[in-house]
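Please read the structure below before turning to the comments.
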Amino acid sequence: MKQIFKFICCGNVDDGKSTLIGRMLLDTGNIKKDQLEDAKKASHKNGSDEIELAMLLDGLLSEREQQITIDIAHRYFDYRDIRFHILDCPGHKQYTKNMAIAAAEVDTAIVVIDITKGIQEQTEKHIQICSLFGLENICVCLTKCDLILNKDNEPDKEHISKLKKEISVLMSKYSFNYTIIPVSAVTGYNVDKVLCQIYEYAQKSYQENKSIRQRIFHILAAKLHQGKRYYYAREVNSLEPDLKGTYTLWPNKIPVTVTKSVSHGCFQIAEDVDVSMGDCISNCPLIISNQIQQQTIWFDSPTESMLFKHGTRVVHVVHYSEKILELDSPLIFNNLDDLKQNGFGIFIDVVTKKTLGCCVFKGNKVNDQYSEPKTKIYVLSAEKITSARQHATTFAKSFNLAPIILDIEKLKEKVTADINAICALSMLLNEQGHNVIVLTTTKEVDHFSKIEQVNFIFIKENI
Amino acid sequence: MITHLKQLENEAIDLIREVCCTNDFEKIVCFYSIGKDSSCMLRLFEKAFSPFPIPIRFLHIDTGWKFKEMYQFRDEIAKKINLLVYKNPANLNPFTDGTRYTDVMKTEALKQALALYDFKIAFGGARRDEEKSRAKERMVSVRNEYQKWDPRNQNPEIVPLYNTYYTDKTSLRVFPLSNWTELDIWEYIKEESIPIVPLYFAKERRVQQMPSGMYIATENETGELKKVRFRTLGCYPLTGAVESEAETIDEVIKELKTTQYTERITRVIDYDTEGSMEKKKKDGYF
């Protein structure tokens, strides 16, 4: 039975990452004739008679021309009973963000260091990012050993042990499980040792995963079919197909029983409960909070209005500071150090919808006091009116409640609703004991005046 | 514990569900090429939404130059799914129009169809192991207002926290099979008993040898009779056949484990110039 094992290869620019991976692919028989021909042609174009192994990986034209890696390349190879998935990261300072996003996905890294140059600024930066994302294993490869041969044609031992010492000083700041292997990708020296080491890490991870009993599901949808309700969810670390068992439904902490697993991530629940997108079910404690201690890596500058996504929950950012992230609704999560896959989220710009940063949850405590308020505040507003949204959030806060925001424009589109239908919805929510805030233009305000309990915030038409 | 194939299937199903559940079904389409990868995509969509029917539409960009067997197969599949077929009225010819043919009948046609139906999200069956520029692409990949891909400025993607949003100016291409290899596809076809076009299996067929050494199927009786199969399917004048004895799925899997070449040697368009797939993708090719 084959298992997938992901790892990254990182380190400073020009230290020989792509060349090392090229060699690993070649030596494990994972490069075909036409790929080799293609690399040969490209190497020739760059004025080299030999095949430059990096050409097997650098696929973008600008990468080949500049001979640097700009973005992550995904490569796969089978070695013994493992399918390895390598994320080859760029080493150039300008593309550090691409290294960071790869580090978020894995537990293991190969860090390459050019033996003739030693530890560089980017080497340290990459190791720091590996630590931030809680990587466990690091295989440090001292590359280009063919350039420091002594008179016996062996890599110079003194040179190697000096660099090893420097590396152990650097590594003592972190808690990685690490090994150092001197290699030469060009001659193939010690590349088999690197493969064995990575294989060992893969087996270790396989053993650890076998003992994991934590199960967490982020709910995507609930749908009714022939009288039965089907729940669709994404499991945090999906390794066992059978989902049956007792769980806690978050955020309300209601016990539920999964009676039938229909297919991957699809199941039925015995109890009649209200479950919707962004909720969670788990068999282990989770943290629920809208004030989150974190560390963020920004890929772009933070903007004034941002969304935050974790699991299947998307909420609005109220305030961001270096340590604390404040959101308009709570998240259900783990600290990264407790369960990596459930320990980070992303910032998305409301306007451009670009992913701006990755936020790692660290040092949050389980808060048993938290309970979902019974009365909810619904805010009916247009998505674009962000200033109004802030007013609403402030208003809701004075009741110590988080508002639930329904986009008035989208409602109009979806329900083919006119303003009267939205009035009806407001009244219905009101009758159910919820507070409703309607953010509306002055033109439409008359319609709402018939409903007594609705609070208004007026918005100028030209916003 | 589950196998690597199950892990890949789970990853694909999770992505399909997430993109569909966070967006309007009307804005989503899945590109259907009639090939083996498309057949797997179809199965993944079925599994993702079971017991409900697949909620989105499929789209076939027809060029008029596909193999006869492909059309027959497509028409059978169309009975089970909501399939749209679009053909660029420009009607170019692969024999006389050269590289412009692919640009107009495939890339342009795709853009026209997306605009016609106002689709903002298009699923595709592309895999990263197919080609070097694809090895660099995100699973949820952003296209600008001209449907172009900017490889130097991709949206950061932290799997599985997919960013499934688009704006008025952007649209998304989604690739659930990103991390699958050609062999994985075949093992999945076997495990799931997925129907595929018979052209994938070896049989005596009329072919003609091109100057590059590649065998191309001929529609007339003048071609040489050879036992061949197709590793990829496209327009018949642009798809190379390989000599093969593999008549069953098991034999194909066995053949792939020992083959010296990747499947792209059978696609004419990849060999125009260095980085030609990257250039085509930048222009909006799938």
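In the text below, chain A, chain B and the rest are named by the order of the sequence lines, each starting its count at 1.
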Q) Taking side chain as C-beta onward, heavy atoms only, is B/P51 less than 4.5 Å from A/Y230? A) yes

Q. Counting N and O atoms only, with roles assigned by atom type, does the side chain of A/D71 sit under 3.5 Å from a partner on the main chain of B/K136, one being a donor and the other an acceptor?
A. no

Q.
Need one label for A/R83: side chain, backbone, both or neither, based on atoms under 4.5 Å from any heavy atom in chain B.
A. side chain

Q | Under 4.5 Å from a heavy atom of chain B, the part of A/L87 involved | A | neither

Q: Return yes if some donor-acceptor pair links the side-chain N/O of A/K309 with the main-chain N/O of B/Y162 below 3.5 Å, else return no.
A: yes

Q. Any idea which of B/F52, B/F49, B/Y165 has the most non-hydrogen atom pairs under 4.5 angstrom with chain A?
A. B/F52

**Q.** Side chain, backbone, both or neither of B/L161 within contact of chain A (heavy atoms, under 4.5 Å)
**A.** both

Q) Picking from B/N10, B/I158, B/T181, B/D14, which has the most non-hydrogen pairs under 4.5 angstrom with chain A? A) B/N10

Q) Does any heavy atom of chain B fall under 4.5 Å from the side chain of A/V351, the backbone, both, or neither of them? A) backbone

Q: Mind ranking A/M277, A/E37, A/E235, A/H225 by heavy-atom pairs under 4.5 Å with chain B and telling me who comes out on top?
A: A/H225

Q. So what's closer than 4.5 Å to chain B heavy atoms on A/L220: side chain, backbone, both or neither?
A. both

**Q.** Atom pair NZ/CD of A/K32 and B/E263 - distance to nearest 0.5 Å
**A.** 11.0 Å

**Q.** Contact origin within A/K228 toward chain B - heavy atom pairs under 4.5 Å
**A.** neither

Q) Is a donor on one side and an acceptor on the other found under 3.5 Å between the side chain of B/E157 and the backbone of A/A102? A) no

Q | Contacting region of A/A233 [heavy-atom separation from chain B under 4.5 Å] | A | backbone

Q: Under 4.5 Å, counting heavy-atom pairs only, tell me which of A/A104, A/A221, A/S263, A/G265 racks up the most with chain B.
A: A/G265

(Q) As a quick check of understanding, evaluate side chain to side chain contact (heavy atoms under 4.5 Å, CB included) for A/H264 and B/I2, giving each step before the final call. (A) CA-CA 11 Å; A/H264 164 68; B/I2 54 177; over 6 Å; no

(Q) Tell me the closest heavy-atom pair linking A/D34 and B/Q260, and the distance in Å. (A) OD1-O, 4.1 Å

Q) Say you draw a straight line from CZ of A/R75 to CG of B/D129; how long is it, rounded to the nearest 0.5 Å? A) 8.5 Å

(Q) Need one label for B/D168: side chain, backbone, both or neither, based on atoms under 4.5 Å from any heavy atom in chain A. (A) neither

Q: Working to the nearest 0.5 Å, report the span between CG of B/D184 and CD1 of A/I4.
A: 7.5 Å

Q.
Can you give me the closest heavy-atom contact between A/K353 and B/N163, atom names plus distance?
A. O-ND2, 2.9 Å

Q.
Taking every non-hydrogen pair under 4.5 Å, which of A/K223, A/H310, A/Q341 racks up the most with chain B?
A. A/K223

Q) With only heavy atoms counted, which part of A/H85 is less than 4.5 Å from chain B, the side chain, the backbone, both or neither? A) side chain

Q | A/K6 side, atom NZ; B/N179 side, atom CG - distance, nearest 0.5 Å | A | 6.0 Å

Q) Where does A/D78 contact chain B at under 4.5 Å (heavy atoms): side chain, backbone, both or neither? A) neither

Q.
Report which part of B/N155 has an atom under 4.5 Å of a heavy atom belonging to chain A: side chain, backbone, both, or neither.
A. side chain

**Q.** Gap separating the CD atom of B/Q7 from the CZ atom of A/F5, nearest 0.5 angstrom
**A.** 11.5 Å

Q. Which bit of B/T170 comes within less than 4.5 Å of chain A, counting heavy atoms only: side chain, backbone, both or neither?
A. neither

Q: Looking only at non-hydrogen atoms, find the nearest pair between B/S178 and A/Y76 and report the distance.
A: O-OH, 3.4 Å

Q.
For the interface with chain B, which of A/K97, A/K354, A/E105, A/H74 has the highest count of heavy-atom pairs at distances below 4.5 Å?
A. A/H74

Q. Atom CZ in A/R234, atom CG in B/L15: separation rounded to 0.5 Å?
A. 10.0 Å

